[in-house]
Amino acid sequence: MKLCYCLSGHPTLPCNVLKFKSTTIMLDCGLDMTSTLNFLPLPLVQSPRLSKLPGWVLKDGSTFLDKELKECSGHVFVDSVPEFCLPETELLDLSTVDVILISNYHCMMALPYITEYTGFTGTVYATEPTVQIGRLLMEELVNSIERVPKAQSASMWKNKEVQRLLPAPLKDAVEVSMWRKCYTMPEVNAALSKIQLVGYSQKIELFGAVQVTPLSSGYALGSSNWIIQSHYEKVSYVSGSSLLTTHPQPMDQASLKNSDVLILTGLTQIPTANPDGMVGEFCSNLAMTVRNGGNVLVPCYPSGVIYDLLECLYQYIDSAGLSNVPFYFISPVANSSLEFSQIFAEWLCHNKQTKVYLPEPPFPHAELIQTNKLKHYPSIHGDFSNDFKQPCVVFTGHPSLRFGDVVHFMELWGKSSLNTVIFTEPDFSYLDALAPYQPLAMKCVYCPIDTRLNFIQVSKLLKEVQPLHVVCPEQYTQPPPTQSHRTDLMIDCQPPPMSYRRAEVLTLPYKRRYEKIEIMPELADSLVPLEIKPGISLATVSAVLHTKDNKHVLQLPPKPPQPPASKKRKRVSDDVPECKPLKPLLSGSIPVDQFVQTLEKHGFSDVKVEDTAKGHIVLLQEAETLIQIEEDSTHIICDNDEPLRVKLRDLVLKFLQKF
Amino acid sequence: MVLPAALTALLTLVLSAALLQFCLKRRFPDFSYITQNGRLTDFLDCVIISHFHLDHCGALPYFSEMVGYDGPIYMTHPTKAICPILLEDYRKITVDKKGETNFFTSQMIKDCMKKVVAVHLHQTVQVDEELEIKAYYAGHVLGAAMFQIKVGCESVVYTGDYNMTPDRHLGAAWIDKCRPDLLISESTYATTIRDSKRCRERDFLKKVHETVERGGKVLIPVFALGRAQELCILLETFWERMNLKAPIYFSTGLTEKANHYYKLFITWTNQKIRKTFVQRNMFEFKHIKAFDRAFADNPGPMVVFATPGMLHAGQSLQIFRKWAGNEKNMVIMPGYCVQGTVGHKILSGQRKLEMEGRQILEVKMQVEYMSFSAHADAKGIMQLIRQAEPRNVLLVHGEAKKMEFLKQKIEQEFHVSCYMPANGETTTIFTNPSIPVDISLGLLKRETAIGLLPDVKKPKLMHGTLIMKDNSFRLVSPEQALKELGLAEHQLRFTCRVHIQDPRKEHETVLRVYNHLKGVLKDYSVQHLPDGSITVESILIQATAHSEDQGTKVLLVSWTYQDEELGSYLTSLLKKGLPQSTS
């Protein structure tokens, strides 16, 4: 029985645990960061506006929460260090997880919580770019939260009785008692040290029972889907895949074929937007703002889509007359991210690989940096404040607008309608992200770029790879809540997908019937195959079964020990038969006439045959022996005359086939 | 049960990779060893190139474009990137400078490279339905790989050139315990157990430093990629630390490009370089500058890296001729030199060299040899064998005498067969693979359920039927085999009449029989059923009174053929009669 424990309710930040052939495999550990939207932003420099926000007062006038909750333009926010919604940790004992498979750097952000707090002792598998860039994302996260220490930590509002009284969305937030503060760098390092690097199409054996293989998923540098298989069962785990040609290696679809179960997660979060169109809009909005003397703010992650945006701008700036506009990339890991992107040639699409063979850097941002068009800084402090020139374009995090240098720019530029903030990352609702900055004069443009599979591509993919069963988050089995008429925005396949939600356990619907076993050469030599039908041969096998490390081997039975030559009086029980091979099954039928002839040939002279309803009875009168012969059975009834019985037995066996 | 066709092809492909070695006398290997008639493409499944050194890929365009091969050629990404540049360089020297004809063209190199499929480390590449290959990190040079080649459960590992100790820029070769049937290892340094790397480095730096201090010039002939970068890193850090001012030059335009490859493929270098590359890329040199031909005549000390490495042609030879006459100067040979080259001559002590045009060149400069070339030494080879645990070892790429010594050592320490065939010799190695079959889960579970812990004294036998059909093997229970073939079971049953003298009543006789059997057959399930019969496992015993003699009871013992042993034993046991009851 295969079980799937679903620990995350977020379809693009999955965390599932699969029990497969005595192994326990965690598939991704995504961290749901949308919880941070309920918190006030963490400003780098004291923000008078934020500190003056009024405390929230209940309808009945009680003010006991006004220290913890602040109100801004009709929304209520928690004034505390932002917290994240962890995967479910109570559904099963996570210390029993043997391995964790990571599909891409966005889906590993909860790793330190799992590896450092649950007694986990296993191994984590991920590709090298996933680990390196994942580390950068974690570093940025830790850095941007730790450098703004907040004295106050709110917890009263989490009380169930209190939470009931709060306005939405706080009222409806799930599992708030499980929300956790950010991990620390030592925890990140400890978690990452448990990772073992793997390459695409590398076959990794788990305990001899299961083989797991990462495949290119086309979504991000080093992003992978995983095949989890034994000799007879195949589970494909598809998470964050893309069929668009951006910078990563294209998706490997062919290897997903013949799956018994395909677990499908990480589809596009904006199924109605076309990424190419969005990039175009991004460029034109950016150009327009800058031409009008305004600044552009792009909240983003330090890796991923930003590489594609920079590449587009590289081609666009000269023709759009933006050559003199400075582009700033501000992140504690900006330099590392730009450098790392250039050394993963093997994980890039064909075009970029070809450039490396020349040898040239695969991404043109190297040239942007060389020509001083793109500058990167670890933070707004230091060199940046000297170099800073307006109008300009700033790429910085975090896309939630709750922490990181982006908070500073929102406060700085928010009051002027000349400026524009362009949202490209699809992980956060831009209206929710902007809520604590309202009222806002700056322009807001929403160009979400999500290159992951859309529903048309999914149905094409499923037709192509034809899995027997599809398992997916429940969100994918119905149209999006805001567009309930769009029945095309859901997975459509036969049989219908099995859906899961947070904290649910699914039983995967398939049963294996075979297992691999090895026959040792000595045993193979001793087998005597018999052709039963044309092209089909049979051999009976009697052997000793050895099972070690989940591998089964058949060996020749040991030779019986030679009986001791001593004349010691034997006890009756010494003769008790033991360890004799079972006799084979028999098949066939016995032609009576020929049987009687054979009997006569062997010296039985008084054979008499009687017909019965179902067959014949052969009588050996002198020996008082009776042989009932029917279509499917033979019964020898005789006196206790062992030599006679054995002789008759062997004559009968001559007419039958053994199995 | 081997797959003969695939296996032959498999071994051929390995050898072909090893064969792609150019030597100075005859340029290209004799590929007619592979097949006399018929096209190479039909005969070879694939070609594997282990690394970019010309003695491993120099004949590739000749092989694929001139002899004719259209199948896949596998190499790692760095090799794929660097290989065509070295081939083009090689072509230029040979055709443009030496005026050779009948050589491959630039276009042929390009066409050849189109047939190349790049592989990742540890990626399993399925060449065809049966054949799969997997690359392992080999150290040696950037992108060097060892390859595991596998068909079914039989496999061969071909090491190419490898290095078991990390150096200034590369890591050590590594392979998992893949237990190949055959390990084909290079054995360039079959007996040399080289002193520690640190000592050699210190020695090298000391010699360079001394020469420069006394105003001499140091020539280091190298190949553009590989050792050169390691030595550059070494000198760069030394110059920085000692604050030296003497210029270091690197000849040929290839170098800067070469360093660029190292920057872009930094994931293939050693851990230290990989970890620090964001802060400082080790391949951006501050002290090492491009060389101009005119610099050779500059006065004062300098260090020059020049290609090629064996002093057989090109810039290194030109500079050598200029500097050879001055005893203040020094030439350091950091690698192995092929017989016949100037490098080999001066290393073997020759000091008067005959150059073109009968000119005699007297070598007064100091000649030093420093083994920096990154091959595994004997210790390294043994270490790799320990890692991979092969069943057979085959040594190539070395000198016969040294190989013989190593062969004995390997056979002694690992108790595996070791071979060292000469060029053109065929070695046959027999494997004894076990046969994978599919066992029905029902049968397997039945067996494992009976006894989880195997009893040493009484090994449990399992019984099944192997169905062989269209090359598929399935082991199922006999019942299932019958069912699948649409055959009915034929039951063979025996019933034996055993006469026992016992005047007691029937049920008392039965009880006595029961107690007797229970006492003897301790390991069997003996049951007394309510209807008065006895079962021993599935054997049925019933008692009836003799129709004529009340003092005799007839026991009917009935069993099927499957219980033959036990049934036969029971009748003979009962025939001996019952023991006198103690009651």
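Note that these values count all heavy atoms, side chains included, but never hydrogens, waters or copies made by symmetry. Residue numbers start from 1 in every chain, and the chains themselves are labelled A, B, ... in the order their sequence lines are given, proteins ahead of strands.
- You'll find the side chain of Ile435(B) stays beyond 4.5 Å of the side chain of Leu523(A), heavy atoms only.
- Within the 4.5 Å cutoff, the side chain of Ile439(B) has no heavy atoms near those of the Tyr514(A) side chain.
- Rounding to the nearest 0.5 Å gives a distance of 6.0 Å between CG of Leu545(A) and CE of Met462(B).
- By the 4.5 Å heavy-atom criterion applied to side chains, Gln491(B) and Thr634(A) are not counted as neighbours.
- Of all heavy-atom pairs between His635(A) and Ser558(B), the closest is NE2-OG, 4.4 Å.
- Using a 4.0 Å cut-off between charged side-chain N and carboxylate O, Glu132(B) and Lys203(A) make a salt bridge.
- Residues Ser587(A) and Ala488(B) share a closest heavy-atom pair of OG-O, 2.8 Å.
- Taking the side chain as every heavy atom from C-beta outward, His552(A) and Leu444(B) approach each other to under 4.5 Å.
- For the pair Arg649(A) and Phe494(B), the cation-pi criterion (under 6.0 Å, within 45° of the ring axis) is not fulfilled.
- With a 4.5 Å cut-off on non-hydrogen atoms, Gln279(B) does not touch chain A at all.
- Of the atoms belonging to Tyr561(B), heavy atoms from both backbone and side chain fall under 4.5 Å from chain A.
- Between Lys516(A) and Asp438(B), the shortest heavy-atom contact is NZ-OD1, 2.9 Å.
- Residue contact with chain A, scored on non-hydrogen atoms closer than 4.5 Å, is absent for Leu556(B).
- Side-chain contact between Thr540(A) and Leu466(B) is absent, with no heavy atoms from C-beta onward closer than 4.5 Å.
- Of all heavy-atom pairs spanning Leu264(B) and Pro361(A), the tightest one is CD2-CA, 4.0 Å.
- With a 4.5 Å cut-off on side-chain heavy atoms, Asn335(A) and Val278(B) count as touching.
- Phe340(A) and Phe277(B) have their aromatic ring centers within a separation under 6.0 angstrom.
- Looking at Glu642(A) and Ser568(B), their side chains do bring a donor and an acceptor atom within 3.5 Å of each other.
- In terms of heavy-atom pairs under 4.5 angstrom with chain A, the leader among Leu555(B), Asn432(B), Ile266(B) is Asn432(B).
- Ser542(A) and His463(B) share a side-chain donor-acceptor pair at under 3.5 Å.
- Only the side chain of Val476(B) comes within contact range of chain A, with heavy atoms under 4.5 Å apart.
- You'll find the side chain of Leu585(A) stays beyond 4.5 Å of the side chain of Thr465(B), heavy atoms only.
- Per-residue counts of heavy-atom pairs under 4.5 Å with chain A were compared for Gln126(B), Arg474(B), Lys134(B), Arg274(B); the largest is that of Arg474(B).
- Between Tyr200(A) and His122(B) the shortest side-chain heavy-atom distance does not fall below 4.5 Å.
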Criterion salt bridge (Lys or Arg N to Asp or Glu O under 4.0 Å) on Glu339(A) and Lys263(B), from CA distance to verdict: CA-CA 10 Å; Glu339(A) 290 287 340; Lys263(B) 280 187 229 163; over 6 Å; no
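- Once rounded to the nearest 0.5 Å, the distance linking CG of Leu492(B) with CZ of Phe655(A) reads 13.0 Å.
- Put simply, OG1 on Thr124(B) and CD on Gln202(A) are 7.0 Å apart, with the number rounded to the nearest 0.5 Å.
- Electrostatic pairing of Lys80(B) and Glu346(A) does not count as a salt bridge here, judged by no charged N lying under 4.0 Å from a carboxylate O.
- When all heavy atoms of Glu624(A) and Arg497(B) are compared, the closest pair comes out as O-NH2, 2.6 Å.
- Of all the heavy atoms in Pro359(A) and Tyr261(B), the pair that sits closest is CB-CE2, 3.4 Å.
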